[in-house]
Structure formats: structure tokens, C-alpha cells
Amino acid sequence: MQTIPILMYHQIDVPPPKGSPMRGLVVAPRTFWWHMATLWLLGYRGLSMTELEPYLRGELQGKVFGITFDDGYENNLRCALPILKRFGFSSTCYVVAGAVGQQNSWDAAQGIAQVPLMDAAQLQCWVDGGQEVGSHTLTHAKLNTLTAQQQQHEISESKRVLEAMVEQAHGVRHFCYPYGLYDATSVGAVQAAAYATATTTVRGRVALGTSLRAPLRPLELPRVLVSRSTTFVHLLLKCFTRYEDRRTKATPRSQ
Ligand SMILES: [Zn+2]
């Protein structure tokens with residue numbers, strides 16, 4: 001069975017002081033460089049979700065992996081983009097459409113450091129730098145706690161807002177469930193809004209099935225969690241062995 005890892009990052013920056021909540025989700029630029037360099041040396045190409053689509057559908061085969069960033073941090077542009085460009089990789093950043101140019105206020109109650117999110121001009125720089133913008137709802141919503149109508153609004157309106165804000169060749173085609181929380185209504189709304197894929201925080205690689213056609217559920221794709229402490233050896237285990245696939249339970253709170 002062919003498998004494709006989709007890496008899940010959040011922030012790329014100098015990590016906050018020891019003991020800070022969710023510090024593990026801030027990957028140092030040097031570590032990120034090692035991750036990309038390791039996969040590049042092995043002949044793998046990192047791709048945005050749009051570029052990964054034909055591989056997920058089984059139309060193309062090759063040494064590829066997906067790169068995703070959740071939330072839309074400004075440090076993705078400042079610290080990750082130069083490294084992505086250096087290796088010729090593309091990636092998808094899932095942006096909270098109603099928080100563009102603001103901070104990760106949804107994390108404030110947990111005492112997580114408030115850091116800037118990309119503004120509209122920075123999002124355009126991200127896209128012009130060969131990267132992609134996807135949607136992460138309007139408000140970083142816990143979708144499974146909302147009514148069907150509220151879910152539909154978060155999912156379709158965020159697409160509309162981002163498409164009006166950022167000039168991107170194929171529009172906003174990819175979605176990511178905040179906190180990995182969703183239900184059947186969310187999946188239906190993602191489908192109705194015509195997103196091509198949606199990613200979760202379920203850990204594992206995408207299994208393409210024996211026919212090498214479509215993945216089982218393109219709107220519930222698992223990802224490989226990459227954190228501050230993920231060494232390049234650890235990353236290889238996660239990408240090329242069943243290490244990550246066995247951790248199929250959703251992570252408790254992985255934004
Ligand atoms: Zn998030």
C-alpha cells in the first residue's frame with residue numbers, strides 16, 4: 001500500500017522559554033531546515049495540498065510529501081519561507097480568515113504566548129513566494145460544538161473572505177479543522193463549500209489503498225505531527241515507517 005506523509009507544523013521560530021504552554025509546537029528554524037534537508041537529500045519533494053492532489057488521487061506517483069502549517073503565523077513567512085524556497089518546496093498554510101493581521105487570541109485562555117499572524121499583504125507574499133493559503137475557519141472554531149448553520153458559515157465564509165483577500169491561482173481549495181474537532185455535519189459543509197481536501201489532527205500517513213486511486217476520505221486526511229523535539233531521525237521514522245500510523249488517536253489539543 002502506498003502512503004503519503006502530510007507534515008503538520010504550527011510555528012517556525014525561536015521557541016519561547018522552557019515551561020511555556022504548547023512550546024513543543026514552535027519548531028526552531030534550524031530544526032525545520034534539517035527536516036527539509038533530510039527529505040530533500042533522500043530525493044523527496046515537499047508539496048502544497050494543491051500540488052499533492054494528483055498524488056493523493058493516485059494519478060501521479062513519486063517521492064513526495066505534504067507540508068502544512070496551521071493558523072497562519074507571521075513566523076511562517078519570516079522563518080519557513082526562505083527554507084522552503086531554498087529546497088524548491090511548496091506548502092499550504094491554513095489561515096484563520098477572521099484573524100488575519102491579528103494574534104492567536106483563541107490560545108490566550110491557555111496562557112499560550114500571543115504572536116502575530118500574517119496580514120493580507122504578508123499572505124500575498126506567502127503566495128507569491130510559491131506557497132498556498134488554505135482555510136482554518138473564520139474564528140478558529142470548535143466546529144463540533146456549533147449548529148449546522150454556524151458550521152456552514154465558518155467553513156464557506158472563510159473561503160470567500162480569503163479568496164477576496166489573496167490572489168491565488170486556484171482559489172482556496174483546502175481546509176483544516178481547528179483543534180482537529182469536527183463531525184459529520186462539518187464534513188458535509190466542507191464538501192458543500194467545494195473544498196478538495198480537508199486535514200485533521202489524526203496522526204498517520206495517508207494510505208492510498210491497494211488500487212492506488214483516491215485516499216479513503218479526502219476530507220478527513222490524517223497528518224504527521226512535527227514538534228520542536230522531532231529530530232531528523234525521528235522524522236524519518238514518522239514518514240517512512242508505521243511509527244506514526246499506530247498513533248491513530250487524535251492528539252489531545254493540537255490546535
Ligand atoms: Zn489551529
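- Using modelled atom types and a 3.5 Å distance limit, the side chains of H174 and T50 yield a donor-acceptor pair.
- Judged by distance alone, the side chain of Q168 and the main-chain N or O of E132 form no donor-acceptor pair under 3.5 Å.
- Between Y243 and H234, the angle of the ring planes goes over 60°, which puts this pair in the perpendicular group of the 30/60° scheme.
- Because its NZ or CZ atom is not both nearer than 6.0 Å to the ring centre of F175 and within 45° of the ring axis, K159 does not count as a cation-pi partner of that residue.
- Under the rule for a ring-ring contact (aromatic ring centres under 6.0 Å, His included), the partners of Y9 that lie at least two apart in sequence or sit in another chain are F32, H35, F69.
- In this model, a donor atom of one side chain and an acceptor atom of the other lie less than 3.5 Å apart for H140 and D71.
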Result block: side-chain N/O donor-acceptor pairs under 3.5 angstrom for residues 79-90, not counting sequence neighbours:
unit_1	atom_1	unit_2	atom_2	d
S90	OG	S48	N	2.9
S90	OG	E51	OE1	2.4

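- Interatomic distance, K238 NZ to M8 CE, rounded to the nearest 0.5 Å: 8.0 Å.
- Under the 3.5 Å distance criterion, the side-chain polar atoms of R228 are left unmatched by any main-chain donor or acceptor of A28.
- In this structure, NE2 on H10 lies 4.0 Å from CG on D70, to the nearest 0.5 angstrom.
- Evaluation of the side-chain contact (heavy atoms from CB on, under 4.5 Å) rule for K142 yields N144, T145, Y179, L181 as partners, not counting sequence neighbours.
- The closest side-chain donor-acceptor pair between Y182 and E220 falls under 3.5 angstrom.
- Residue pairs meeting the salt bridge (Lys or Arg N to Asp or Glu O under 4.0 Å) criterion with at least one partner in residues 192-201, sequence neighbours excluded, do not occur; the list is empty.
- Note on R160 versus E157: salt bridge recorded, some NZ/NE/NH1/NH2 to OD/OE distance being below 4.0 Å.
- By the side chain to side chain donor-acceptor pair (under 3.5 Å) test, S227 is found to be paired with S229, T230, residues two or more places apart in sequence or in another chain being considered.
- Looking at every heavy atom in both residues, L52 comes nearest to G66 through CD2-CA, 3.8 Å.
- Paired with Y177 under the rule side-chain contact (heavy atoms from CB on, under 4.5 Å), one option of V187, T137, T201 passes, and it is V187.
- Take D183 and apply the side chain to side chain donor-acceptor pair (under 3.5 Å) test, not counting sequence neighbours, and it matches Q151, S186.
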